[in-house]
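For reference, the structure discussed in these notes is given below.
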Amino acid sequence: MPLLDLYKADNSQILKLGLKQILAISGDGSLKDNSLCSKEFRIFLGQIPSEKLYEFIESCLNENFDQKGLALQDIVNELGRRLEYKIEHGLYQGVPGKIGYDGIWQKSNDHAFVIEVKTSDAYRINLDKLAAYRSKLIEVGGVPKESSILIVVGRQDTGDLEAQIRGSRHAWDIRLISSDALIKLVRLKEGAEENTTSKIHEILQPFEYTRLDRIVDLAFVATREKEETNALELGVVETEISEVPTAKVKSEKVAYAQSPGIEIVRGRVLDAYRRQYKIDLIRKSPVLFWSPDHLHRVACTISKSYRTSQSQYYWYAFHQPWQKFLQEGKEGFFVLGCLDRNEAFVLPLYWIEERLGVLNTTTKVDGKQFWHLHLRADDENSPLKLCLAGRTQELALEEFRLAV
């Protein structure tokens with residue numbers, strides 16, 4: 001039974017397998033150019049969580065098996081895709097008459113990278129040959145003139161290779177990064193929003209390092225966006241709700257922000273979503289997820305419960321950037337998870353947009369607006385309903401309920 005069929009039938013069991021086992025059940029088990037094994041393996045990499053990619057890289061670097069260098073090449077290219085580059089896989093082995101490269105990463109029509117992947121820097125690299133590959137790619141339109149070479153090395157100890165690059169005539173066109181640093185950039189990107197992604201793209205390009213503003217900008221923007229992402233989920237509870245004392249809301253907001261259970265519950269909700277809808281989702285940012293082809297999109301946010309003597313509430317915000325992200329896919333869903341209930345609600349984007357006019361809104365100082373979704377139940381055993389503006393009407397959500 002092929003790898004992809006096995007993964008579709010029971011992804012939890014397949015994700016327990018190591019890299020060598022995965023390769024063994026991919027096609028005929030031999031990574032070759034244009035082979036079924038290569039095709040299945042690359043599709044599989046595009047469907048799995050990023051954490052599994054990191055695990056596979058460790059296997060390539062710390063275990064001894066024949067195809068580890070070829071597998072590392074595919075995994076590194078998948079990390080490029082997670083950084084939102086359009087990727088083109090290169091050849092595993094050199095072929096006479098064809099341009100040799102391990103991958104091409106490009107963002108729209110902007111700067112492109114010609115990728116070279118090495119498990120270590122134990123051997124010197126022919127930089128003239130890499131530069132010739134890039135020149136040939138420019139000639140045939142494979143990459144724009146505004147392109148450079150990015151060498152990804154498995155090990156962090158890259159001193160010899162760094163010295164080789166600095167002393168060469170290609171120093172301005174070549175940059176070097178370890179696989180560990182590349183993993184950190186993917187983690188950084190998946191933990192923040194759109195501006196961090198663009199800053200990562202900038203910092204990977206060759207630039208003059210005497211002035212360190214770009215590096216500082218990346219650190220600053222990533223930290224700020226992490227705080228803003230938390231605020232996107234938490235900010236809604238600042239709205240005045242007459243039934244809940246303000247002091248109680250603020251104290252519960254702090255406790256919620258510090259709760260380690262938010263990501264655990266989000267993970268459970270998304271696992272249930274995958275099982276129900278048979279769609280693999282990979283993370284774009286803390287709240288936003290998409291299918292490998294980016295056509296199916298989900299914004300998944302979590303709320304704890306806020307209780308009064310008469311009701312149980314869950315409060316969510318629906319932000320304009322989330323709406324835009326969902327609109328740009330073929331299918332978009334806003335998924336509401338509950339920190340202390342074994343259920344979530346999968347609301348189609350069109351259903352929400354038809355009702356935006358009857359939801360409460362908040363406009364912030366910077367002019368950005370978001371909508372409030374208040375879910376209410378009489379108690380923990382009663383069904384949750386969506387409260388409309390003014391709370392004069394409640395909409396049943398049972399048709400959108402997802403058991404978690």
Side-chain angles (χ1 to χ4, degrees), residues 1-19 21-22 25 40 43-56 78-79 81-82 183 186-187 189-191 229-230 232-233 256 259-305 314 316 318 322 325-326 329-349 352 373 375 380 383-384 397-404:
M1 194 174 184
L3 169 62
L4 299 179
D5 290 341
L6 289 169
Y7 184 68
K8 186 175 181 180
D10 190 350
N11 65 353
S12 62
Q13 291 302 312
I14 296 299
L15 289 175
K16 293 178 182 178
L17 300 180
L19 178 57
Q21 293 170 298
I22 292 296
I25 58 176
E40 283 203 342
I43 293 174
F44 172 73
L45 293 178
Q47 296 177 348
I48 63 177
S50 296
E51 292 297 327
K52 194 65 179 179
L53 297 175
Y54 311 152
E55 179 187 316
F56 284 169
E78 179 57 32
L79 291 182
R81 200 164 73 90
R82 301 292 167 102
I183 288 169
V186 175
R187 283 190 168 130
K189 180 260 177 190
E190 292 181 346
T229 297
N230 289 336
L232 290 181
E233 286 196 279
Y256 172 62
S259 171
I262 298 171
E263 282 304 315
I264 293 174
V265 172
R266 199 191 319 270
R268 290 173 182 165
V269 169
L270 293 170
D271 284 343
Y273 188 96
R274 291 183 182 100
R275 290 193 301 271
Q276 178 69 26
Y277 298 100
K278 310 298 182 187
I279 292 175
D280 291 299
L281 297 172
I282 56 177
R283 177 166 243 149
K284 172 179 167 61
S285 69
V287 174
L288 305 180
F289 299 80
W290 48 17
S291 58
D293 60 10
H294 297 180
L295 297 180
H296 189 102
R297 303 187 176 203
V298 167
C300 179
T301 183
I302 310 297
S303 172
K304 69 162 289 175
S305 64
Y314 295 85
Y316 305 88
F318 183 53
W322 298 357
F325 169 75
L326 297 179
K330 185 177 180 180
E331 296 179 299
F333 297 90
F334 190 38
V335 180
L336 311 179
C338 305
L339 200 61
D340 56 357
R341 291 175 75 122
N342 294 322
E343 62 182 349
F345 298 91
V346 182
L347 306 181
L349 176 62
I352 298 175
L373 283 81
L375 305 191
E380 61 270 15
L384 287 164
L397 298 175
E398 189 61 29
E399 64 177 303
F400 305 117
R401 184 180 180 275
L402 173 68
V404 176

Sub-4.5 Å side-chain heavy-atom contact between Gln21 and Ile25
no

With sequence neighbours excluded, what pairs up with Glu51 under the side chain to side chain contact (heavy atoms under 4.5 Å, CB included) test?
Tyr54, Arg187

Are Phe333 and Tyr273 packed together at the side-chain level, in the sense that at least one heavy-atom pair is separated by less than 4.5 angstrom?
yes

Indicate yes or no: does Asp271 engage Arg268 in a salt bridge with an N to O separation below 4.0 Å.
no

Rounded to the nearest 0.5 Å, the CZ atom of Phe44 sits from the NZ atom of Lys52 at a distance of 7.0 Å

Check Phe318, Tyr316, Phe325 against Phe334 for a ring pair (Phe, Tyr, Trp, His ring centres under 6.0 Å) and give me the one that passes.
Phe318

To the nearest 0.5 Å, atom NZ of Lys278 lies from atom NZ of Lys8 at 8.5 Å

Walk me through whether Ile14 and Asn11 qualify under side chain to side chain contact (heavy atoms under 4.5 Å, CB included).
CA-CA 5 Å; Ile14 296 299; Asn11 65 353; 5.5 Å; no

Ring-plane angle category for His294 and Trp290, please: parallel below 30°, perpendicular beyond 60°, tilted otherwise.
parallel

Side-chain atoms of residues 279-287: list all donor-acceptor pairs with protein atoms under 3.5 Å, sequence neighbours left out, distances to 0.1 Å.
residue	atom	partner	partner atom	Å
Arg283	NE	Ser285	O	3.1
Arg283	NH2	Glu263	OE1	2.9
Arg283	NH2	Pro286	O	2.8
Lys284	NZ	Glu84	OE1	3.2
Lys284	NZ	Glu84	OE2	2.7
Lys284	NZ	Glu194	OE1	2.9
Ser285	OG	Leu288	N	3.4

Hey, does the side chain of Arg82 reach the backbone of Lys189 with a donor-acceptor pair shorter than 3.5 angstrom?
no

I'd like to check Arg81 versus Pro292 (side-chain heavy atoms, cut-off strictly below 4.5 Å). Are they in contact?
yes

Keeping the roles fixed (side chain from Ser291, backbone from His296), state whether a donor-acceptor pair exists under 3.5 Å.
yes

Using side chain to side chain donor-acceptor pair (under 3.5 Å) as the criterion, list what pairs up with Arg401, not counting sequence neighbours.
Glu343

In terms of heavy-atom contacts, Ala344 and Val269 come closest through CB-CG1, 3.9 Å

